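Take a look at the structure set out below.
The model shown is predicted, which means the values in this text are computed figures rather than measured ones. Note on naming: letters A, B, ... go to the chains in the order of the sequence lines (proteins, then strands), and numbering restarts at 1 for each one.
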There are 2 protein chains.
Amino acid sequence: MVDRSSGVPAYRQVAEDLREKIAVGEYAPGVQLPSERELVDAYGVSESTVHEAVNALQSEGLVTSEPGHGIVVRPSTIVLERVAAARLSRAAREQDGGAFRADAATRGLTPSAEVGVRFEPAVARVAARLAVPEGSEVTVRDRVMRVDGVVVQLAVSRLPRELTRGTAVENPDTGPGGTYARLEEAGHALGSFIEHVGARMPTPDEASLLQLADGVPVITVTRVAYGADGTP
Amino acid sequence: MVDRSSGVPAYRQVAEDLREKIAVGEYAPGVQLPSERELVDAYGVSESTVHEAVNALQSEGLVTSEPGHGIVVRPSTIVLERVAAARLSRAAREQDGGAFRADAATRGLTPSAEVGVRFEPAVARVAARLAVPEGSEVTVRDRVMRVDGVVVQLAVSRLPRELTRGTAVENPDTGPGGTYARLEEAGHALGSFIEHVGARMPTPDEASLLQLADGVPVITVTRVAYGADGTP
DNA sequence: TAGTGGTCTAGACCACTGT
DNA sequence: CAGTGGTCTAGACCACTAA
């Protein structure tokens with residue numbers, strides 16, 4: 001039952017109570033919660049109010065709900081790990097043919113990728129990052145990366161067209177060692193990388209591609225690679 | 001106006017339309033959207049339906065809304081950056097007195113922290129990570145970290161009590177160089193670190209401490225420090 | 001005081017799932 | 001078929017903000 005005089009909205013009280021019961025394990029991962037109609041009786045509120053509470057838990061990623069199936073406590077899963085140590089070193093590249101493949105291999109999974117290549121003029125932010133004039137041509141590689149068939153990562157690479165012209169970087173398949181290997185062959189020795197890591201809620205497109213349930217954030221990694229001579 | 005025959009729920013159509021207008025800049029960051037009553041007229045749906053759409057955008061972190069203020073497009077902000085390069089090196093530690101202070105310093109901000117120390121028996125997961133027997137005593141340091149007064153990070157450290165007994169690690173203020181410096185002084189030379197990075201939605205407690213708006217995820221970093229001799 | 005978003009109800013219909 | 005969650009409405013009252 002909710003406390004109508006506390007000033008705390010009823011749906012929040014319901015949500016908090018369910019959250020608590022999930023936290024202490026009264027509702028374990030994979031377990032089905034009482035139906036919304038049952039919760040209506042238990043807490044003495046209307047169906048919409050219960051639904052609003054369930055909705056909140058869904059946005060937080062705590063539960064999933066499907067018609068006919070009921071409300072289920074979500075188990076947490078990790079699909080893939082990025083192993084950072086020497087992840088982008090030349091040695092690792094030569095041996096495994098790319099960091100993504102290596103990450104998957106350490107888990108015994110089968111990686112695959114769908115690649116598209118296109119060219120577009122650099123907008124202001126891209127131009128600044130790559131230190132090229134605004135509007136100059138940029139090679140864009142779009143990748144949808146899968147392990148065992150499920151999409152786990154979306155990647156977009158942008159390079160100054162000058163660096164990629166005539167190289168396999170402009171082909172969907174860049175060959176052994178990937179883009180970085182081709183750049184080095186073309187005389188652009190790699191120096192350092194700077195990665196920015198963030199997290200945000202996915203766009204609807206990303207959510208459907210990555211098959212994310214509500215309330216599951218994505219991690220963003222923005223990497224700028226610098227040549228040995230300092231050019232991005 | 002929404003398309004009633006498309007099968008797509010009305011509130012999703014409204015949300016998608018607003019999302020689109022935000023994406024193309026028709027509603028710029030900081031700008032106020034039309035009021036819910038106006039949206040009701042514009043899309044030809046009920047107030048609850050509009051509210052549901054606005055709710056979804058809030059869960060995604062796209063907008064904020066307050067009574068009297070209206071619905072406002074949220075600007076994205078970065079409060080603090082962790083600079084990874086040599087972040088945990090002995091040199092950095094001696095110079096700046098801890099990674100957190102260094103991160104804040106690079107932005108010209110004033111860091112502060114509130115620290116609590118307690119001791120508890122190791123539960124299974126902690127015992128495994130620290131390679132100590134389950135139930136053995138563990139030193140726990142809870143930190144609430146602020147820059148310029150606002151909470152930006154919550155940290156919990158756990159160490160085998162054996163390593164900390166009689167050292168300043170058991171005091172709230174560990175002194176210059178922090179915990180790692182004290183451990184090295186006590187003869188526990190540091191070897192390597194392994195950090196696991198993840199992202200999830202905050203718990204309500206975290207959300208209020210960090211003053212997070214709805215739809216803003218937190219980044220989790222789990223670091224295990226290993227001594228030169230390999231003990232965690 | 002007028003306008004804003006926040007909450008809540010009662011009731012309705014729908015699509016989906018399992019038996 | 002019964003039960004489930006998903007959607008939607010019309011209408012109500014509230015607390016808050018700004019003029």
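Judged by distance alone, the side chain of B/Arg158 and the main-chain N or O of B/Val138 form no donor-acceptor pair under 3.5 Å. For the pair B/Arg200 (side chain) and A/Gly215 (backbone), a donor-acceptor distance under 3.5 Å is absent.
Taking 4.5 Å as the limit, every side-chain heavy atom of B/Gln32 sits out of range of all side-chain heavy atoms of B/His69. Here the side chains of A/Val45 and A/Arg4 are in contact, with some heavy-atom distance below 4.5 Å.
Here the C1' atom of nucleotide D/dG5 and the CD atom of A/Glu47 are 10 Å apart, to the nearest Å. As a whole-Å value, the separation of B/Gln13 CD from D/dG6 C1' is 15 Å. Atom-to-atom, CZ of A/Arg4 to C1' of D/dC14 comes out at 13 Å; the value is rounded to the nearest Å. Rounded to an integer number of Å, the gap from A/Asp3 CG to C/dC8 P is 12 Å. Rounding to whole angstrom units, CG of residue B/Leu39 and P of C/dG6 are separated by 12 Å. Rounded to an integer number of Å, the gap from B/Gln32 CD to D/dA18 C1' is 11 Å.
At D/dT7, none of the side-chain N or O atoms of B/Thr49 fall inside 4.0 Å of OP1 or OP2 (strictly under the cut-off). Remark: A/Ser46 is not in phosphate contact with C/dC8, judged by side-chain N or O atoms under 4.0 Å from OP1 or OP2.
Side chain to side chain, B/Ser157 and B/Arg143 meet the donor-acceptor criterion of an N or O pair below 3.5 Å.
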Given salt bridge (Lys or Arg N to Asp or Glu O under 4.0 Å), test A/Asp41 with A/Arg37 step by step and report yes or no. CA-CA 7 Å; A/Asp41 293 340; A/Arg37 267 89 171 172; over 6 Å; no
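Of the candidates C/dT9, D/dC8, C/dG6, D/dC8 carries the atom nearest the B/Tyr11 side chain, counting heavy atoms from C-beta on. Nearest to the side chain of B/Arg37, among D/dA10, C/dG5, D/dT4, sits C/dG5. Of all nucleotides listed (D/dA10, C/dC8, C/dG5), C/dG5 comes nearest to the side chain of B/Glu36.
A donor and an acceptor atom never sit less than 3.5 Å apart when one is taken from the side chain of A/Arg12 and the other from the base of C/dG6.
Within residues 51-71 of chain A, the residues that place at least one heavy atom under 4.0 Å from DNA chain C are, in residue-number order, A/Pro67, A/Gly68, A/His69.
Within a 6.0 Å sphere centred on CZ of A/Arg118, heavy atoms belonging to other residues, nucleotides or ligands number more than 12.
Nearer the 5' end of DNA chain C, as judged by each residue's closest nucleotide, is the contact made by B/Ser35, out of B/Ser35 and A/Gly44.
At a threshold of 4.0 angstrom between heavy atoms, the contacts of A/Ser48 include nucleobase atoms, whether or not backbone atoms are also involved.
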